[in-house]
Amino acid sequence: MLQLTKLKAKSILAFSITGMLYLSCSSGDNLPSTVTFTEHVAPVLYNNCTICHRPGGSAHFALVTYADAKKYSSANAYVTRERIMPPWPADPHYTEFVGQRILQEHDIALLEKWAKSGALAGPADKMPQLPQYPVGSETGTPDLRIPVQPYLLEANSLDKFLLVKIPFELPADTFASMIEFVPGRKNVVHHVNGDMVKYAYTQKTDVYAGERIVDMAADTATLLQAYKRLGLPNDDGTFPVLQKSVVNYLPGVFGQRYPEGLGGYRLPRKGAFLLNDLHYGFTNKDSILDSSYINVFFSPVPPNRPVKEFQLGTLGIAPVEPNLVLEPNTVRTVYSRYTIPTDISILTVNPHMHLLGKSFKAYALKPDGDTIRLVSIPRWDFNWQYFYTFKKMVKVPAGSTIVAEGLYDNTRENLNNPFSPPRRVSDNTGSMKATDEMFQFIVTYLPYQSGDENISLERK
Ligand code: HEC
């Protein structure tokens with residue numbers, strides 16, 4: 001596939017350089033003879049890019065006005081042709097997911113032709129309206145908003161990976177259909193993976209006691225020490241129940257609300273959200289104060305089919321094989337395999353690696369020998385680690401083996417290698433530092449019920 005894309009790229013380049021029409025070119029057919037911003041380019045950008053590339057969006061620059069677009073015309077042609085933008089690392093030819101961001105060949109060819117033909121403005125009356133983007137929540141009006149303790153990113157600071165506690169106390173146990181993380185300063189909040197801590201009411205006196213934020217890398221704390229500093233344990237020192245992956249965030253991703261009766265959460269009277277990873281990007285000359293928050297949408301009904309989760313690989317229910325120890329100047333593939341005991345319906349999958357990851361693939365081998373494709377990421381990108389939601393639930397029958405395979409490159413060829421010269425890197429039994437490695441595959445699922453494979457998970 002990559003080969004094909006490259007070939008097409010070449011042929012388009014050749015055509016546009018010689019100034020020929022695209023009529024005979026298969027990938028660029030029906031391109032207008034004159035491509036302009038208002039008529040052709042703005043619609044592509046507004047449908048695919050401005051959700052992040054607008055003032056206040058998650059990218060550092062906007063692609064809203066003619067001047068914006070013209071300035072980046074060649075860059076836009078390049079990143080779309082190479083399928084770097086819009087960011088969607090999963091291969092759509094392997095499996096398709098809800099909300100996938102894939103640009104059509106025709107749109108890529110438009111951006112390319114526009115860049116190469118002088119980036120013309122076009123008639124003003126053809127200019128489309130910028131879509132209305134939601135403010136404060138991506139999905140509606142929340143019932144409860146819980147602030148994350150504001151965090152000051154000093155000027156010129158490097159990436160930060162914080163462990164953050166967001167405690168809450170409610171008048172009664174309740175239910176929620178969705179929990180949403182809303183970044184304060186979108187251009188520095190890269191991603192969030194968060195769990196929910198659930199206290200038995202009598203076991204915890206003060207949910208607000210303890211620190212709110214631990215910078216794991218700076219403090220070299222073990223996870224257990226960090227949990228204690230955050231005041232997470234019960235009064236008697238034991239640990240409360242932790243529900244995994246309750247709140248996740250990546251730029252451009254909406255909170256996932258499942259069809260009636262599926263998913264949802266039980267919120268205890270006393271609890272906390274625990275962000276395992278609040279990843280802030282680097283800052284330039286200005287310091288930045290981020291005030292993010294969490295929105296909770298209550299539900300009158302209990303979750304009758306709560307979503308469950310298991311995790312293969314580092315810290316998971318099935319080990320990484322061979323061990324995730326990456327010697328300098330080596331490239332190696334690791335696996336994790338888990339045979340499921342009962343029929344399940346998979347909702348989402350989340351591949352996870354750090355900076356040495358190169359590619360990732362996961363599938364299920366059925367007892368009858370067939371393969372069920374789950375996800376393939378041909379070009380791993382640390383910055384874009386989605387929870388990929390299937391368009392319809394995927395039934396995986398009992399006795400199937402779920403296989404995750406990851407390729408790691410610990411050579412100088414890997415431009416993301418944090419060490420030069422390369423060093424020995426391992427998963428350090430679950431350290432979350434970006435410079436240690438990880439190999440994980442998280443699956444959210446329900447026990448299978450007949451008809452599950454027909455239930456759509458698409459957003460309404
Ligand atoms: C989900 C959010 C998102 C979407 C959608 C998106 N971008 Fe980006 N884009 C980013 C982020 C984040 C960066 C990293 C640089 C930054 O922070 O500004 C980036 C970087 C870029 C760059 C600079 C690349 C570099 O190497 O410096 C270009 C050019 C670009 N995007 C164009 C586009 C175009 C064209 C589209 C639509 C076809 C698009 N982007 C869609 C978030 C997005």
Side-chain angles (χ1 to χ4, degrees), residues 5 9 12 35 37 40-90 92 97-116 119 128 130-131 133-134 138-139 153 156-160 180-192 248-256 278-286 288 290 355 377 379-389 415-416 459:
T5 314
I12 285 177
V35 177
F37 177 70
H40 312 107
V41 169
V44 175
L45 300 180
Y46 289 9
N47 285 328
N48 300 282
C49 318
T50 45
I51 185 159
C52 302
H53 290 277
R54 66 188 146 102
S58 56
H60 284 103
F61 61 93
L63 291 172
V64 173
T65 64
Y66 171 61
D68 295 338
K70 187 171 183 192
K71 182 169 168 203
Y72 288 98
S73 60
S74 307
N76 287 345
Y78 174 78
V79 295
T80 52
R81 168 58 62 208
E82 289 295 316
R83 303 227 175 245
I84 299 166
M85 287 283 146
W88 190 263
F97 298 99
V98 173
Q100 63 184 21
R101 298 183 193 282
I102 308 286
L103 217 51
Q104 300 299 313
E105 269 301 320
H106 181 79
D107 292 341
I108 297 174
L110 277 177
L111 294 182
E112 196 151 25
K113 184 165 180 181
W114 188 62
K116 293 204 161 82
L130 187 66
Y133 292 105
E138 301 284 2
T139 36
L153 287 149
N156 301 310
S157 70
L158 299 173
D159 283 40
K160 291 208 177 285
E180 172 190 52
F181 179 90
V182 182
R185 299 291 291 264
K186 286 190 176 164
N187 58 348
V188 286
V189 180
H190 272 203
H191 79 262
V192 165
N248 298 307
Y249 167 79
L250 256 187
V253 179
F254 300 101
Q256 183 67 43
L278 170 51
H279 175 192
Y280 285 116
F282 62 89
T283 55
N284 298 325
K285 59 184 189 335
D286 299 320
I288 293 179
D290 176 56
L355 297 162
I377 299 185
R379 235 180 356 187
W380 177 253
D381 187 336
F382 179 71
N383 287 315
W384 299 103
Q385 309 201 26
Y386 295 106
F387 271 77
Y388 293 100
T389 305
L415 300 178
N416 296 319
R459 275 176 217 115

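Note that ligands are numbered from 1 as they come in the structure, with each ligand's atoms numbered from 1 the same way. Just the heavy atoms: all of them, side chains too, but no hydrogens, waters or symmetry mates, feed the values below. We count residues from 1, following the sequence as given. These numbers were taken from a predicted model, which means no experiment stands behind them.
E112 is not listed as a side-chain neighbour of T80, based on a closest heavy-atom distance of 4.5 Å or more. No side-chain heavy atom of I288 sits under 4.5 Å from any side-chain heavy atom of Y280. A 4.5 Å side-chain heavy-atom check between H279 and D159 finds at least one atom pair inside the cut-off. In this structure, H53 and D68 have side chains that are not in contact, with every pair of non-hydrogen atoms separated by 4.5 Å or more.
If you number the atoms of ligand 1 from 1 as listed, the ones under 4.0 Å from a heavy atom of C52 come out as 1 (C), 2 (C), 3 (C), 4 (C), 5 (C), 42 (C), 43 (C). Near C49, the atoms of ligand 1 lying under 4.0 angstrom from a non-hydrogen atom of the residue are 34 (C), 35 (C), 36 (C), 37 (C), 38 (C), 39 (C), 41 (C).
Protein heavy atom nearest atom 11 (C) of ligand 1, with residue, atom name and distance: A59 CB, 3.9 Å. In terms of protein heavy-atom proximity, atom 24 (C) of ligand 1 is closest to V79 CG1, 4.1 Å. Closest to atom 13 (C) of ligand 1, if we only count protein heavy atoms, is M85 CE, 3.9 Å. With respect to atom 12 (C) of ligand 1, the closest heavy atom belonging to the protein is W384 CZ2, 3.8 Å. Nearest non-hydrogen protein atom to atom 17 (O) of ligand 1 is H60 ND1, 2.7 Å. In this structure, atom 5 (C) of ligand 1 lies nearest to the protein heavy atom N48 O, 3.3 Å.
Put simply, part of F61 is less than 4.0 Å from ligand 1, judged by heavy atoms.
H53 contributes NE2 as its N, O or S atom closest to atom 8 (Fe) of ligand 1.
Counting protein heavy atoms under 4.0 angstrom from atom 29 (C) of ligand 1 gives one or more. At a distance under 4.0 Å, a protein heavy atom can be found next to atom 7 (N) of ligand 1.
A donor-acceptor pair under 3.5 Å is formed between the side chain of T283 and the backbone N or O of N156.
By the 30° and 60° cut-offs, the orientation of the rings of Y66 relative to W114 is perpendicular. Between Y388 and F97, the ring planes lie tilted relative to each other; the angle falls in the 30° to 60° range.
Taking any N or O of N76, backbone or side chain, none lies under 3.5 Å from an N or O belonging to ligand 1.
For F282, the CZ atom is loosely surrounded, since the number of other residues' heavy atoms within 6.0 Å does not exceed 12. More than 12 heavy atoms of other residues, nucleotides or ligands lie within 6.0 Å of OH in Y46, so this atom counts as buried by the packing criterion.
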